[in-house]
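Below, chain A is the first sequence line, B the second, and so on; all start at residue 1.
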There are 2 protein chains.
Amino acid sequence: MPPPSARQPRAALAPAAAPTLSGAVLEHLRRDILECRWSPGARLRFEALRAHYAVGISPLREALSRLAVEGLVVGVDRRGFRVAPVSLDDLDEITDLRCEIEGLALRWSIERGDDGWEAAIVASFHHLSRVDSELPGRVPRLSDEWERRHTAYHQAMAAACGSARLMQLRAQLFDQTNRYRRLVIAYSKVPRDDRGEHRALMDAALARDAERAVALIHRHIRHTADLVRAIYGAKGAETLARAAGRVRARPAAARRAA
Amino acid sequence: MPPPSARQPRAALAPAAAPTLSGAVLEHLRRDILECRWSPGARLRFEALRAHYAVGISPLREALSRLAVEGLVVGVDRRGFRVAPVSLDDLDEITDLRCEIEGLALRWSIERGDDGWEAAIVASFHHLSRVDSELPGRVPRLSDEWERRHTAYHQAMAAACGSARLMQLRAQLFDQTNRYRRLVIAYSKVPRDDRGEHRALMDAALARDAERAVALIHRHIRHTADLVRAIYGAKGAETLARAAGRVRARPAAARRAA
DNA sequence: ACTCCGGAGATTTTCGAAAATCCATGTTGA
DNA sequence: TCAACATGGATTTTCGAAAATCTCCGGAGT
């Protein structure tokens, strides 16, 4: 009988323990892509993934198929999958759509939100604010933990919109923006008062001032896009793609694009 | 050497010939669900699907996984997949969101559309109008062909919005409404001038009157929802689900919900 | 120099069976 | 009577290998 840890320790799959291998590798792969552990545009070969995640091809195919529908990977029949590439045009498209979608979710939330919604916003904002003092790393905003709390904050803002589909949609678009956010955090010289932006947004929402809140979230969203453009607008698109490959999070084992 | 048609004729897969079995079964399964050949809420067992589509489990799993992300099937880890159920609450949610999304796509299209966009609208409207005289069936609006042309018409309206993501999103929501549309067509006693609605919408778009066009598409979308509610609002939710199971298209081999 | 072909290796896709899990049913014990 | 539990068939999930396809590279012919 082989010892329990005969093979690779499976790279600590399952953030919240998906009962299925497929689900676990899906979540893990999604995080790895969002944090650029697999570079934008990189080829995702089954053999490499199999070795990295210590699973067979079946769960991998299923995970990649789902991610393809989500837009995080691009698959072409019979010639494999790659990580969805990044580009300024793509960023523009996401940004425009995200303004509308997040704006809508926020508007509906402000209409329909109750005390619980307000409380959750305050809590998540507080939690997000504390990350700077709690986390020792040099760039806390690139940490897993900051991203988690940032995600939770924006989700809390939209949570009372009353539409599960809208929530899922905005979460997807939020995810798709993640890699661009990392670029700004890593390379932008301009200091950004994101805490202030988040606080102003929260205040407007709690004051039930939909117009102001929507204007603020638009500015918040466009701000990121503007900063990316400020850095990479002049340089070629290649630069952006390559830079994205360098902001990968720590436990990296991913090779760059082929 | 076995003859080309040694095994089952594979049920005429591949509307536009997806090169991959997985892709073909995905498209086929999607159509079958949209046309209620598998009843809303019905259990989708691999063995039954394997027999019906004459493919192995791997392509089926991939297709179901994708459809789950699209929202057309619901999967629960380790206890299989079912066709997404229908309900009045679900219809309300889709309707509200679809008004916003289709409205947005239309608005952007009207801003950005060129001659080619206009021409495509006129063409698709004409094509859609002709279906009544061309198709001999008793209820042409339940036919594959009408659905195809109706889909094409609404896609043409949105086509100039400039965002591939928005196009995909609106297509998904349009699909998710399909089963409710079929219910109205099959059971509503109120005669509906859908041709008139489509014409008015087209005219407003071609006149570049965004406000009017958006108002019209809202009315168009809500009209369907109102008719469903008129039929099933009083009766229990069960009735609606069961009725949906009866509007399935012809080459039916699908059993009802388990 | 350049295009077209052919073959070897790499890669994806699919199948069939093994393993793991679920579910309905009947049984035990209080 | 009833809840907890065991049991066997049904079902999903996963693997490993076979089949199909793609990609790259060198050679032939123009």
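- Within 4.0 Å (heavy atoms only), A:S58 reaches at least one base atom of the nucleic acid.
- Taking both residues in full, the closest heavy atoms of B:V55 and B:R50 are given as O-CG, 2.8 Å, listed atom of the first, atom of the second, then distance.
- Mapping B:G80 and A:G56 onto DNA chain D by nearest heavy atom places B:G80 closer to the 5' end of the strand.
- Among the nucleotides D:dT13, D:dT14, C:dC15, the one closest to any side-chain atom of B:F81 is D:dT13.
- By the 30° and 60° cut-offs, the orientation of the rings of A:H28 relative to A:H52 is tilted.
- We find that OH of B:Y53 is positioned 16 Å from P of C:dT14, with the value rounded to whole Å.
- For A:R79 and B:R79, each mapped to the nucleotide of DNA chain C holding its nearest heavy atom, the one lying further toward the 5' end belongs to A:R79.
- To the nearest angstrom, P of D:dC15 lies 15 Å from CZ of A:R61.
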(request) Evaluate the salt bridge (Lys or Arg N to Asp or Glu O under 4.0 Å) criterion for residues B:R181 and B:E147: first the C-alpha distance (whole Å), next the side-chain angles of each, then the deciding distance (0.1 Å), finally the verdict. (result) CA-CA 10 Å; B:R181 254 187 313 263; B:E147 289 192 0; over 6 Å; no
(request) Please report the C-alpha distance between A:T177 and A:I221 in whole Å, then the side-chain angles of each, then the deciding distance to 0.1 Å, and finally whether the side-chain contact (heavy atoms from CB on, under 4.5 Å) criterion is met. (result) CA-CA 9 Å; A:T177 317; A:I221 292 169; over 6 Å; no
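- Here the P atom of nucleotide D:dT12 and the CZ atom of B:R45 are 7 Å apart, to the nearest Å.
- Residue B:F46 has its side chain nearest to D:dT13 when only C:dT14, C:dC15, D:dT13 are considered.
- Looking at the side chain of B:I57, the nearest of the listed nucleotides D:dT14, C:dT11, C:dT14 is D:dT14.
- Listed nucleotides D:dT13, C:dC15, D:dT14 differ in distance to A:S22; the shortest reach to its side chain belongs to D:dT14.
- Each of A:N178, A:D175, A:V83 was compared with A:I33 under the side-chain contact (heavy atoms from CB on, under 4.5 Å) criterion, and only A:V83 meets it.
- Between B:D77 atom CG and D:dT12 atom C1' there is a gap of 10 Å when expressed in whole angstrom units.
- Protein atom CZ of B:R50 is 12 Å distant from nucleotide atom C1' of C:dA17, rounded to whole Å.
- What separates CD of B:E62 from P of D:dT12 is a distance of 18 Å, to the nearest Å.
- The residue among B:P19 and B:R78 whose nearest nucleotide of DNA chain D lies closer to the 5′ end is B:R78.
- When the P atom of C:dG9 is taken as reference, atom CD of A:E47 falls 18 Å away, rounded to whole Å.
- Taking only side-chain atoms of B:L21, from C-beta outward, the nucleotide of D:dT11, C:dC15, C:dT12 with the closest atom is C:dC15.
- Rounded to whole Å, atom P of D:dT13 lies 16 Å from atom CG of A:L60.
- Of the listed nucleotides (D:dC22, C:dC15, D:dT11), D:dT11 has the atom at the smallest distance from the side chain of B:R43.
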